[in-house]
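For reference, the structure is listed below as structure tokens.
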Amino acid sequence: MNLRDFECIVPCLEEDRLSARMHLRFVNAATLLLGGLLVGGSATTAQEPLKITKAVVEDVGQVNLNWSGHANAFAVEMAYDLPNWTTVEYTDESSATIPVTELPVFFRVRTLADDITLVRENEERLAVLESIREYVATVPKSTPAEENDVVSAYLKNRAELTDVVISNQCVWAEFPDGRTLVIINNREAIPSDYLPPTELPAEVDLQEIAAPREVRADESNAIPESKKVYLLSSIQLAPPHLKHTDFRIASTLQTWFTNAGYDVRRTGAHLASLTTIKNAGVLFFNGHGGFRSPKEGSEALWVMATDTKVSQKLPLIFERMIDGYAIVRPLAHDVHYIVSKRWFEDKRFMTFSKNSLVYLSACHSNAAAGYFGGEPSHMGWTNSVWTSVAREANRYFFDRLLGANNAFPIQPRQRPFDIEPVYLSMARRKLNESVKTESGNTLVSMLHHTPNNFGLFVPTIERCVEVSEHVEQLHIEGRFDPGAASETKVTLTLGQKSVSLPVISVGQNGILCELKAGAVPSVGDVRVIQRGHRSNPVPLSEWRSGE
């Protein structure tokens, strides 16, 4: 998709406190360019320049934009971190409403390239969807089961819909052309007295994760070949009135991954942003998913609710690939598009590197294990899950694999770990389970599937570093990726001096390298670097040559 040079850019700046309704400060492109906040691009045009005239944050977590200027169609782009722009909306209007999960956020508007064709949605269906949304928003809050019964009875009386069923705490229906409608009601609100765990016993955590263990033959310590990490966080999880909702989890993970040497892209789950996932090493999604059990003549279906609202016009390539529509209960602010297996398998939209990981923090997302082709490993939930439970699982899993030591920190700081001991520790602590709820929901387990070799985000040195003095070799024990032998470096640093040690061999549990007695320095902090990711430092304090 070739887009012309942008014409206007707007930063939305967070004030001391996000109020229910807040007007955003904005400046024009020239000011930002002169201020050095954006490198590249052009603010000149032969036509009337685009100018964003209004930007307002609504209390449901969305920004209303209006702009002036003439073009057949526009692309709205958003960035949480400049210059990482992502297209989030295509329109032929001079306005758009964009979901956001946090502030500050930047917007800019482009004129749309001629090779992108917008097609009109079925206007009758749009009217049907809006009337259904209005009804769902009025259903009194009770238990999910009771709410679903009420919604299901209503949909069965709609002549425009067929095959209305309740499956896995969601209400499903179909339009005559096969498009799916799902009322998602499975990611339950949490009780007002629920408090997530804030700390873990340090001695237990060390015993469980850092203790020596036998490595199974089918385990692997492969690191993603690509440094690209895509963090998608849905605004539909972030209404301000919900308590304990960590809608900034993507921002937290961005810091951890960046510190570990990854190239991070963070955005919402927009249809447009889902097309930017190319050669991903990690894909993380935090949002809503729905699962319809298999029925006669059709397979089971897992769908992802996107942040793209149903609109009058949509790019033709999207219109052919979307699976239908979702209304999230009890919010019911808007109707959103849903995507499923055929979208994820389409190599025009998503590609993954070797040893990649797809982590779906969404209800029933374990059912999507085969949706992304054969390359990525997969982690997901077997049933519906509380937001608070998913949050704690997310924080613990990524913290321990990346060695961030920010979620449930203990002293001394823990090194990064591979996936097997972290997952087993989560299971023992029941961090991967959701307790039984009022609606009778059973325990939820997070499962991981490893059709490829993913096991590590970064190399990790374990308990000891041994020196064979008589042959002047250093043996490092830990967890390493033998497939990255050609990209493996070992450094020894003392103060401002550092030396690279020639690598002799790389195994899954150990690295052998040269360490000459005359090296300067010959003692200091040892690190292993694989695929550009640095391990934890381990001190080598003293040794003697065998001569």
Quick one: sort the [X] and [Y] rings into parallel, tilted or perpendicular, breaks at 30° and 60°.
X: Y359; Y: F397; answer: tilted
X: F344; Y: W302; answer: tilted
X: F398; Y: F284; answer: perpendicular
X: F74; Y: W67; answer: perpendicular
X: F291; Y: H364; answer: parallel

### Query
Given the rule in the side-chain hydrogen bond (donor to acceptor under 3.5 Å, both in side chains) test, do N66 and S94 qualify, once you have shown the distances and angles that lead to the verdict?
CA-CA 6 Å; N66 293 84; S94 294; over 6 Å; no
Mind checking what makes side-chain contact (heavy atoms from CB on, under 4.5 Å) contact with [X], not counting sequence neighbours?
X: R320; result: L316
X: A137; result: A332
X: A404; result: W256, D399, N406
X: V151; result: V136, V139, L155, V171, I183

#### Entry: Salt bridge D346-R348, side-chain N to carboxylate O under 4.0 Å
yes
### Query
Thinking salt bridges, do D81 and R265 make one under a 4.0 Å N-O criterion?
no
Under a plain distance cut-off of 3.5 Å, with no hydrogens placed, do [Y] and [X] share a side-chain donor-acceptor pair?
X: Q169; Y: N148; answer: no
X: Y230; Y: R266; answer: no
X: D323; Y: Y337; answer: no
X: S95; Y: N64; answer: no
X: R158; Y: S131; answer: yes

How long is the span from the [atom1] atom in [X] to the [atom2] atom in [Y], to the nearest 0.5 Å?
X: I338; Y: T306; atom1: CD1; atom2: OG1; value: 9.0 Å
X: Y325; Y: H336; atom1: OH; atom2: NE2; value: 14.0 Å
X: R400; Y: R395; atom1: CZ; atom2: CZ; value: 9.5 Å
X: H288; Y: R329; atom1: NE2; atom2: CZ; value: 12.5 Å
X: T308; Y: F318; atom1: OG1; atom2: CZ; value: 7.5 Å

### Task
Applying side-chain hydrogen bond (donor to acceptor under 3.5 Å, both in side chains), run through T87 and R110 and close with a yes or a no.
CA-CA 10 Å; T87 302; R110 290 178 182 261; over 6 Å; no
Which atom of [X] lies closest to which atom of [Y], heavy atoms considered:
X: Y90; Y: P315; value: CD1-CG, 3.3 Å
X: D307; Y: G268; value: OD2-CA, 3.9 Å
X: A280; Y: S356; value: O-CB, 3.4 Å
X: A326; Y: I184; value: CB-CD1, 4.1 Å
X: P224; Y: L456; value: CD-O, 3.2 Å

#### Entry: Residues forming a salt bridge (Lys or Arg N to Asp or Glu O under 4.0 Å) with K228, sequence neighbours excluded
none
### Task
Taking salt bridge (Lys or Arg N to Asp or Glu O under 4.0 Å) as the test, write out the residues that go with E134, two or more places apart.
none
Would you say the side chain of [Y] lies within less than 4.5 Å of the side chain of [X], judging by non-hydrogen atoms?
X: Y371; Y: V358; result: no
X: N185; Y: C170; result: no
X: T351; Y: I277; result: no
X: I132; Y: I327; result: yes

### Task
Hey, could you give me each pair passing salt bridge (charged side-chain N to carboxylate O under 4.0 Å, His left out) that has a residue in residues 277-292? Not counting sequence neighbours.
E174-R292
### Query
Under 3.5 Å, is there a donor-acceptor pair between the side chain of T258 and the main chain of Q254?
yes
### Query
Hey, is the main chain of A272 close enough, under 3.5 Å, to the side chain of T275 for a donor-acceptor pair?
yes
With sequence neighbours left out, what residues match [X] under side-chain hydrogen bond (donor to acceptor under 3.5 Å, both in side chains)?
X: R133; answer: E130
X: K313; answer: D92
X: S142; answer: E146
X: N259; answer: none

### Message
My understanding is that only residues two or more places apart in sequence, or in another chain, count here; which of them pass ring-ring contact (aromatic ring centres under 6.0 Å, His included) with Y262?
### Response
F257, H533
### Task
Kindly check if the number of other-residue, nucleotide or ligand heavy atoms within 6.0 Å of CZ (R534) is above 12?
no
### Message
Run N186 and S384 through side-chain hydrogen bond (donor to acceptor under 3.5 Å, both in side chains) and show every step you take.
### Response
CA-CA 5 Å; N186 53 15; S384 59; over 6 Å; no
### Task
May I ask you to check whether F107 and W85 place their ring centres under 6.0 Å from each other?
no
### Task
Under the side-chain hydrogen bond (donor to acceptor under 3.5 Å, both in side chains) rule, what do N279 and S353 come out as? Steps first, then yes or no, please.
CA-CA 5 Å; N279 191 33; S353 76; 4.5 Å; no
